[in-house]
Amino acid sequence: MWDFIVERREALLYNTFQHANLVVQAVLVATVIAVLLAVLITRVPRLEGPANAISAIGLTIPSFALVSLLLTFFSFGSLPAFIAVAFYAVLPVLRNAVVGLQGVDATLLESARGMGMSEVTTLVRVRLPLAWPVILAGVRVSMQMSMGVAAIAAYVGGPGLGTYILKGLTQIGGANAINYALVGTIGVVVVALLADLVLLLVGRATISKGIRV
Amino acid sequence: MTTDLTKEPERTPAAQEGAAEISGAEIVLEGVVKKYPGQKAAAVESLSLTIPAGEIVMFIGPSGCGKTTSLKMINRLIEPTSGTIRIGGEDIRGQSENELRRNIGYVIQGGSLFPHMTVAKNIALVPKLLGWDAKRISTRVEELLDLVGLDPSRYRDRYPRELSGGQQQRVGVARGLAADPPVILMDEPFGAVDPITRQRLQDELLSIQRELRKTIVCVTHDIDEAIKLGDRILILQEGAQIAQYDTPEVILGAPANEFVEDFVGSGSSLKQLSLTRVSEVELRRPTTATVGEQVAEVKRRAEANGDRSVIVLDSRNRPVGWPWLRQLKGDVVLEPTEDLVNLDQRATLNDALDTMLSSSHGGAVVTGDRDQYLGVVVFDAVTDHIRSLEEQARG
Ligand SMILES: Nc1ncnc2c1ncn2[C@@H]1O[C@H](COP(=O)(O)OP(=O)(O)OP(=O)(O)O)[C@@H](O)[C@H]1O
Ligand SMILES: [Mg+2]
């Protein structure tokens, strides 16, 4: 298998980068969307029920099905792959962001109000920083999950390590089938671990020392 | 500021005039009503009240009588159903809520510090909202930490979780004072700390107030705290009806009705101990030593005075220790490591007894503004004072 990797090292590196790139971008966009939604939900309590239902149901849609569905709208390419990954990535972050924002101590919020902080200032200076550790935990879950979802996106012609897995599966019995599948899978795991490490460091850098556990 | 011991005992607001410039503003409540939606009886049924500028007014009453509601209407955390509130003559609805609140200090139980911000950032919040420049803010933070007895270089960059409960509460007070507001609202500020820390915090508040003369409205559950801190006490009944609103002396001496009597409780001669300030009894001036002084010289002085212990002062004239002569070792007087419990001159005799009982010297060190050393109150002085009170009472 070593020879297999060395022979294809350039293509392999390229695909690994593509895979990481797709996931990171999708998770970033998803995080922004999820936090915005969570802010909205915590301001309008009526939205909370539906939001929880959607994220619960959303996670049960098989990613394969969603990817195929998107295919009918967007045809092949990296766009449906991106949308599919981002869609799933939103859900864990959304759930954590809602929990995190709601978990902010009410007396602290009253204190903020009592000091004359506007709603926006309170959100930016108090609520988000205090909810951030919980939100970030959601981002880590989301990142791990998205690594897998992105692999499936290869089915619609998305870029990344999924292409190797797909090739391996379609060539079952063929000469390099196992190698393709293995390299794809191990690649995904390695990228996932690296991404998690990066998020861990991001947490170190962005979570206030006063609330770090 | 000078500390004039002969003047201090008088507590009537008029007598305090001239002690320091009043920086507070008068608060007037007129027919203020609060009825929460779905409630049958109003939480506050028409409260009318004048809180004079520069005074501490304590709100006290049974649980649920409307203390917190009344307090929060002053900074519009709760909107009154009807009635008007004026601060310094101006209707509080004349400006935006946030503008109003930035000019009113708000201190609640436990300090309610933001855990993700350092002590300095917590204190700097309101000045920042008011757009002060960074230099002015950092000077102000230092000044305030100093004022509440926390060494700025040591505590400025700590997070709230790295502070004790009492220290957090001190920072809470500093934060309330940050933008130098004329009015400060406090809701059971010292409810969450142990009795000794509470006594210290109360002393500090009195010492700060002596310098600043703000208008302070403070809710409490503790009648002794109300007597100690209040220039006036507002005793409320169900629905925030005023049972009595007067100075502690009048409330103790002439309770308006049975409700007040019950509320204040019996044993009023013991309560008198809460009315008398340490500064009203005679202070002893035992031998003192300054950190860094020659031990031999200090011992000579003490022996000449017939003292077996000395009060050690730091370079800023603040008492830091009270060692026996035999505990003084080495060539020069070192900064003691023990934690000396001092009494502010406005601490009550009640507090003094507490502190003395836990001291091996049978006395307690008394301090004035900014912890400046004043002298020592001893057991005999307190018992003498009680005896003279009793004689007065007998006529
Ligand atoms: N947000 C609210 N909605 C409805 N009723 C309320 C609300 N806040 C307070 N009340 C009611 O109004 C009354 C006065 O409450 P308030 O909090 O002012 O009492 P308090 O004197 O501060 O009591 P405590 O000493 O227990 O703090 C109580 O009967 C309380 O149940
Ligand atoms: Mg209350």
Side-chain angles (χ1 to χ4, degrees), chain A residues 31 35 38-39 42-46 93 96-140 199-213, chain B residues 68 71-78 95-131 157-163 168 171-172 175-179 181 183-189 192:
Chain A
T31 301
V35 170
V39 169
T42 48
R43 295 212 44 167
V44 190
R46 260 176 311 149
V93 184
N96 276 36
V98 170
V99 170
L101 287 173
Q102 282 172 341
V104 176
D105 189 351
T107 55
L108 288 183
L109 295 178
E110 190 185 80
S111 231
R113 225 154 58 88
M115 293 163 79
M117 270 192 216
S118 67
E119 294 253 355
V120 177
T121 315
T122 307
L123 178 68
V124 175
R125 304 273 296 275
V126 179
R127 292 175 65 208
L128 284 176
L130 286 175
W132 183 235
V134 184
I135 297 176
L136 200 62
V139 175
R140 281 175 73 181
L199 282 180
L200 207 68
L201 294 177
V202 168
R204 288 254 133 189
T206 55
I207 296 174
S208 156
K209 230 177 88 195
I211 51 173
R212 212 179 283 158
V213 278
Chain B
T68 298
L71 187 81
K72 285 187 187 166
M73 285 193 285
I74 298 176
N75 66 358
R76 289 178 70 189
L77 279 176
I78 295 175
Q95 48 188 332
S96 83
E97 289 173 14
N98 287 336
E99 243 173 278
L100 175 79
R101 291 178 193 145
R102 286 169 198 176
N103 290 305
I104 298 180
Y106 187 52
V107 181
I108 57 182
Q109 196 176 88
S112 188
L113 304 179
F114 297 116
H116 61 296
M117 296 181 190
T118 61
V119 165
K121 290 241 166 68
N122 265 288
I123 297 176
L125 277 169
V126 179
K128 255 196 199 140
L129 291 172
L130 289 170
D157 297 321
R158 290 212 192 169
Y159 285 93
R161 70 170 173 195
E162 298 165 326
L163 303 177
Q168 291 185 18
V171 176
R175 187 173 71 177
L177 290 167
V183 171
I184 298 174
L185 308 179
M186 302 183 153
D187 198 345
E188 305 197 26

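Throughout, a chain's letter reflects where its sequence line sits, starting with A, and its residues are numbered from 1.
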With rounding to the nearest 0.5 angstrom, report the [atom1] to [atom2] distance, [X] to [Y].
X	Y	atom1	atom2	value
B:N98	A:T122	CG	OG1	8.0 Å
A:S208	B:K121	OG	NZ	8.5 Å
A:R113	B:K72	CZ	NZ	8.0 Å

For the backbone of A:G116 and the side chain of B:R102, can you confirm whether one donor and one acceptor N or O come within less than 3.5 Å of each other?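 Yes: the side chain of B:R102 pairs with the backbone of A:G116.
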
Would you check if the side chain of B:H116 reaches a backbone N or O of A:R125 as a donor-acceptor pair within less than 3.5 Å?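 Indeed, once roles are kept as given, a pair shorter than 3.5 Å links the two residues.
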
Which atoms of [X] come close to chain A, meaning under 4.5 Å heavy atom to heavy atom: side chain ones, backbone ones, both, or neither?
X	result
B:K128	side chain
B:L113	backbone
B:P160	neither
B:R76	neither

Of the non-hydrogen atoms in [X] and [Y], which two are nearest, and what is the gap between them?
X	Y	value
A:L130	B:P115	CD2-CG, 3.6 Å
B:F114	A:S111	CZ-CB, 4.4 Å
A:E110	B:L77	CG-CD1, 4.0 Å
B:R175	A:M115	CD-CE, 3.6 Å

Is it true that, when you exclude A:R43 itself, more than 12 heavy atoms of the residues, nucleotides or ligands shown sit nearer than 6.0 Å to its CZ?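 Result for CZ/A:R43: open.
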
